[in-house]
Amino acid sequence: MKYLVIVAFIAIIGSLGAALVFMMRGGQPDDAGEPGSPPRKNHMARALAFRVGFSILLFVVVLISYLMGWIQPTGLPLQR
């Protein structure tokens, strides 16, 4: 379970970094205007959407893992 969480965090940080790169390159024209090259205008929005998707997926996986008993909470006990 630790490795899954680590991979998810790396994917979240990676997509955030990709969005930053696309934001910084935002005003540059396409590479030499080659025909058939895809437009680059929505890359930042797509990278941020992947980040949100990875975050939601990580939350759901942790929640399901807790409900199935695969992980146990640690830390301070609840006071009643």
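The figures here come from the full heavy-atom set of this structure, side chains too, leaving out hydrogens, waters and symmetry mates.
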**Message:** With rounding to the nearest 0.5 angstrom, report the CD1 to OG distance, I10 to S15.
**Reply:** 12.0 Å
**Fill in**
Rounded to the nearest 0.5 Å, the CE atom of M68 sits from the CD1 atom of I64 at a distance of 8.5 Å
**Complete:** To the nearest 0.5 Å, atom CG of L48 lies from atom CE of M23 at 9.0 Å
**Residues that, via side-chain heavy atoms closer than 4.5 angstrom, fall in one hydrophobic cluster with V7** = none
**Message:** So, taking the atom named CZ in F50 and the one named CD1 in I12, what distance separates them when rounded to the nearest 0.5 Å?
**Reply:** 13.5 Å
**Prompt:** Looking only at heavy atoms, what is the nearest atom pair of A47 and F22, with distance?
**Reply:** CB-CD1, 4.5 Å
**Hphob cluster co-occupancy, F9 + Y3, side-chain heavy atoms under 4.5 angstrom** = no
Determine all donor-acceptor pairs shorter than 3.5 Å in which one atom belongs to a side chain in residues 56-63; sequence neighbours excluded.
none

**Complete:** On a heavy-atom basis, the closest approach of M44 and A19 is CG-O, 3.5 Å
**Request:** Calculate, to the nearest 0.5 Å, the distance between atoms CG and CH2 belonging to L4 and W70 respectively.
**Result:** 10.5 Å
**Prompt:** Can you get from Y66 to M1 by hopping between Ile, Leu, Val, Met, Phe, Trp and Tyr side chains that sit under 4.5 Å apart?
**Reply:** yes
